[in-house]
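In what follows, chains are A, B, ... by sequence order, proteins preceding strands, each numbered from 1. These numbers come from the heavy atoms of this one structure, side chains and all, not from hydrogens, waters or symmetry mates.
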Protein chains: 2
Amino acid sequence: MTGNSRFAVSVHVIAYLAYKAGAPVTSAEIAASVDTNPVVIRRLLSALVKARLVTGHKGVGGGFGMASAPANITLLDIYRAVEPQPDHGLERFSPNHKCPVGARIEIILRTAFFKAQTSMEAELARISLEDVHRQIKPVCTGKR
Amino acid sequence: MTGNSRFAVSVHVIAYLAYKAGAPVTSAEIAASVDTNPVVIRRLLSALVKARLVTGHKGVGGGFGMASAPANITLLDIYRAVEPQPDHGLERFSPNHKCPVGARIEIILRTAFFKAQTSMEAELARISLEDVHRQIKPVCTGKR
DNA sequence: TAGTTATGTAACCAACTTTGTTACGATATG
DNA sequence: CATATCGTAACAAAGTTGGTTACATAACTA
């Protein structure tokens, strides 16, 4: 049970917006789909709006909607919008620089983590919201 | 300050063992290099011994040492030894399955996370402890 | 065998993170 | 003006992490 669910929930949220494309969707409605509190959803949507992935409107008849076509949004866009830069534990890692190992290990680890992270992000960039949406649609339309 | 430092510290620990190759090294000595408590080091070493990356001996003249040549150990071996399988937040994510999005999103996310994780691990597998050791050695030997 | 050194691990604590919740102000609609 | 909705602060409960103490176990030395 390590880490947080912000990214997972955010993908769900945007997938829901794509699913309900057109009409504005309230945080309460999305919360019902995710099974959580509307404030949790609004917190994430706040970050997604700042990243220009989503638009939001207050007041009667307000709610949220996609800011662009699903084909133009990747999972990496969502990941970057809601997750801080991972530090892989280097924040709380300050070895003894008087030891040759302690003096050099940080830059070595930074380099390794950067490669690993870059590779992971490239994989997320290969998946678009359209890919996600395509796997949800059939349940509602096809099959009769 | 997200995540933990187990992997980072573990790489430091094994790099230190490689650096001190031959003689057994105590948890207290490693702790001085990492700048933490010996128990923290022994906790990680316990996992590394179980993964057969490291050997340990009790008693006078005891301590830890590498179980194989640095060329035969990759960062992925260390990662798997000390980190649990990441769940990317799916553990605490149980959407409403009555909603078509909630019903399908879990498997979609699982697939995406698996690809991302696999890609990241492949990158860690490309870095051996010998690569790490090579970047530490020069400080102690060369340059005169 | 006694004394010393070192590991193995349990128990506990403080600090931090994460999520859910209440509350309330701001804003848009009609 | 009344209502719906967002935006965000404040707080609590539960879990994670790293540091610390404590002590049992094991191995070496004399």
Side-chain angles (χ1 to χ4, degrees), chain A residues 1-10 12-13 17 20 23-32 34-51 54-65 67 82-96, chain B residues 1-10 12-13 17 20 23-32 34-51 54-65 67 82-96:
Chain A
M1 202 186 289
T2 247
N4 64 64
S5 60
R6 276 195 299 268
F7 178 50
V9 173
S10 297
H12 183 145
V13 166
L17 294 184
K20 289 276 191 171
V25 184
T26 68
S27 59
E29 179 177 346
I30 304 172
V34 175
D35 189 26
T36 184
N37 191 293
V39 174
V40 172
I41 300 298
R42 289 207 292 273
R43 280 204 281 245
L44 292 172
L45 279 164
S46 174
L48 295 171
V49 167
K50 275 170 194 143
V54 158
T55 57
H57 297 285
K58 291 181 174 177
V60 178
F64 299 89
V82 300
E83 290 286 356
Q85 281 272 130
D87 70 311
H88 302 281
L90 287 178
E91 191 88 9
R92 20 180 162 178
F93 179 67
S94 39
N96 182 351
Chain B
M1 202 187 289
T2 247
N4 64 63
S5 60
R6 276 195 300 268
F7 178 50
V9 173
S10 296
H12 183 147
V13 166
L17 294 183
K20 289 276 193 172
V25 184
T26 67
S27 60
E29 179 178 345
I30 304 172
V34 175
D35 190 26
T36 184
N37 192 292
V39 174
V40 172
I41 299 299
R42 291 208 291 275
R43 280 203 281 244
L44 291 173
L45 279 164
S46 175
L48 295 172
V49 167
K50 274 170 195 143
V54 157
T55 58
H57 298 286
K58 291 181 174 178
V60 178
F64 299 88
V82 301
E83 290 286 357
Q85 281 272 129
D87 71 308
H88 303 282
L90 285 179
E91 192 86 11
R92 25 180 157 173
F93 179 67
S94 39
N96 182 352

* Asked: Quick one: which of A/Val40, A/Asp35, A/Val34 gives a side chain to side chain contact (heavy atoms under 4.5 Å, CB included) with A/Asn37?
  -> A/Val40

* For D/dG18, does OP1 or OP2 lie under 4.0 Å from any side-chain N or O of B/Thr36? -> no

* Structure fact -> Among C/dT27, D/dG19, C/dT22, the one nearest any side-chain atom of A/Val39 is C/dT22

* Asked: Within less than 4.0 Å of OP1 or OP2 of D/dT5, is there a side-chain N or O belonging to A/Ser27?
  -> no

* Asked: What is the distance from CG of B/Leu45 to C1' of C/dT9, rounded to the nearest Å?
  -> 14 Å

* To do: Give the rounded distance in Å between these two atoms: CZ of B/Arg42 and P of D/dG18.
  => 17 Å

* To do: Using atom CG of B/Asp87 as one end and atom P of D/dG15 as the other, report the distance to the nearest whole Å.
  => 14 Å

* Given C/dA28, D/dG18, C/dT19, the nucleotide with the shortest approach to the side chain of A/Val60 -> C/dA28

* Separation of B/Leu45 CG from B/Leu17 CG (nearest 0.5 Å) -> 6.5 Å

* Asked: Start at the 5' end of DNA chain C and walk down; is the nucleotide closest to A/Lys58 or to B/Ser46 reached first?
  -> B/Ser46

* To do: May I have the distance from A/Ile30 (atom CD1) to D/dT5 (atom P), rounded to whole angstrom?
  => 12 Å

* Structure fact -> Separation of C/dT22 atom C1' from A/Asn37 atom CG, nearest Å, is 9 Å

* **Distance test, side-chain N/O of A/Thr26 to OP1/OP2 of D/dT5, below 4.0 Å** => no

* **Donor-acceptor side-chain pairing of B/Arg92 and A/Ser5 below 3.5 angstrom** => no

* Asked: Where the side chain of B/Asn4 is defined as all heavy atoms beyond and including C-beta, which of D/dT17, D/dT25, D/dG7 is the nearest nucleotide?
  -> D/dT17

* Closest heavy-atom pair and its distance - A/Gly56, A/Val49 -> N-CG2, 4.3 Å

* Asked: What nucleotide, of C/dT18, C/dT21, C/dT7, holds the atom closest to the side chain of B/Arg92?
  -> C/dT18

* Distance, rounded to the nearest Å, where B/Arg6 contributes CZ and D/dG19 contributes P -> 12 Å

* State which of D/dT8, D/dT17, C/dG8 makes the closest approach to the side chain of B/Phe64. => C/dG8

* Quickly work out the B/Lys50 NZ to C/dT7 C1' distance and round it to whole Å. => 12 Å

* Asked: Checking only heavy atoms, does the side chain of B/Arg43 share a donor-acceptor pair with the base of D/dT20 at less than 3.5 Å?
  -> yes

* Between atom CD of B/Glu29 and atom CZ of B/Phe64, what is the distance when rounded to the nearest 0.5 Å? -> 12.0 Å

* Structure fact -> Rounded to whole Å, the CD1-P distance (B/Ile41 to C/dG8) equals 13 Å

